[in-house]
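These notes are about the structure you will find just below.
Positions are given from 1, in the same order as the sequence printed here. Atoms within each ligand, like the ligands themselves, are counted from 1 in listed order.
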Amino acid sequence: MWSEGFTIVGSPDEHFRQLWPHDYTNHCDVIKEYKQEMKKLAGRLMCLMLGSLGITAKQDIKWAGPKSDFKEASAALQLNYYPACPDPDRAMGLAAHTDSTLLTILYQNSTSGLQVLKEGVGWIKVPPVPDGLVINVGDLMHILSNGSYPSVLHRAMVNRTRHRLSIAYLYGPPSSVKISPHPKLVGPTHPPLYRPITWNEYLDTKAKYFNKALSWVRVCVPLNGLVDVNEHNNSVKVG
Ligand SMILES: O=C(O)CCC(=O)C(=O)O
Ligand SMILES: [Fe+2]
């Protein structure tokens, strides 16, 4: 892979003290503020997306909390750097993968590189929009929505002359919460397609089975012919 990644789980203090021993507090403040804002946005997106399926966060999702702000949610920040690459056709920034999250909020700098797979069409470029963020649906949202919000297979390409940066806010449930197809979305004609699983359990499954992880969590064949995007033979990688 033609990239470098740095994952910040929890507070950035310790990581950044090591990187910039004499001047880390400013960097930490920026990251903390960014995470705070992303958490608010992610909570809002959760309410909107679930609302569109007839699920009210306040009543129907216990861990959303009394204010339905998903205060107990967990998150990590993934910083990606893709140096300019002399032979971009023979290198890949990040291999095709789905994220193991509920949602990922992605910032990209002004260099394009992100592509998503559109069923029946192929790889589509997602060029950066100034001040815009990309929202990727992750595997846990796929499970929670019983396949109504399919997770998106995506990859990052590299550029011959320009470097590229992206920041992925990886958003998921509290560690003790098991995610399963929401009861409001299942019934006699809509069986639950996935078994309950925590974020950590899912990350372990992903590490073992890569893009087949969602299929490993599946309990029965969909009646409506839905196919996991993960079942494509595109290769590996996290999220
Ligand atoms: O750099 C990008 O556009 C994609 C990053 C990504 O998919 C990830 O960090 O999971
Ligand atoms: Fe990703």
Which ligand 1 atoms does Q78 reach within 4.0 Å, using its non-hydrogen atoms?
9 (O)

Quick one: do K206 and D139 make a salt bridge, cutoff under 4.0 Å?
yes

Residue K184 excluded, over 12 heavy atoms near NZ under 6.0 Å:
yes

Taking it one step at a time, do H15 and Y24 satisfy ring-ring contact (aromatic ring centres under 6.0 Å, His included)?
CA-CA 9 Å; H15 298 300; Y24 67 92; over 10 Å; no

Of the side chain and backbone of N136, name the one, both, or neither that has a heavy atom under 4.0 Å from an atom of ligand 1.
neither

Please list, in number order, the atoms of ligand 1 under 4.0 Å from a heavy atom of S166.
1 (O), 2 (C), 5 (C)

For the residue pair T198 / N200, report whether a side-chain donor-acceptor contact shorter than 3.5 Å exists.
no

Is it true that R155 lies under 4.0 Å from ligand 1, counting heavy atoms only?
no

Is the closest heavy-atom distance from Q108 to ligand 1 below 4.0 Å?
no

Logged contact type for L170 with ligand 1, heavy-atom cut-off 4.0 Å, is neither

Go through ligand 1 atom by atom and flag the ones less than 4.0 Å from a non-hydrogen atom of A168.
9 (O)

At under 4.0 Å between heavy atoms, is it the side chain or the backbone of V134 that contacts ligand 1, or both, or neither?
neither

Does K32 have more than 12 heavy atoms from other residues, nucleotides or ligands lying within 6.0 Å of its NZ?
yes

The Fe ion (ligand 2) to D99: nearest N/O/S atom name
OD1

Which N, O or S atom of H97 lies nearest to the Fe ion (ligand 2), by name
NE2

So if you build clusters from Ile, Leu, Val, Met, Phe, Trp, Tyr with side-chain heavy-atom gaps below 4.5 Å, do I8 and V30 land together?
no

Near Y82, which atoms of ligand 1 are under 4.0 Å from a heavy atom of that residue?
1 (O), 2 (C), 4 (C), 5 (C)

Is the backbone N or O of Y149 less than 3.5 Å from a side-chain atom of S145, with the two atoms forming a donor-acceptor pair by type?
yes

In terms of its nearest heavy atom to atom 8 (C) of ligand 1, the top option of L79, V116, L94 is L94

Applying ring-ring contact (aromatic ring centres under 6.0 Å, His included), run through H97 and F210 and close with a yes or a no.
CA-CA 8 Å; H97 66 282; F210 301 112; over 10 Å; no

Which ligand 1 atoms, with their elements, are less than 4.0 angstrom from a heavy-atom of R164?
1 (O), 2 (C), 3 (O)

Do other residues, nucleotides or ligands put more than 12 heavy atoms under 6.0 Å from the NZ atom of K118?
no

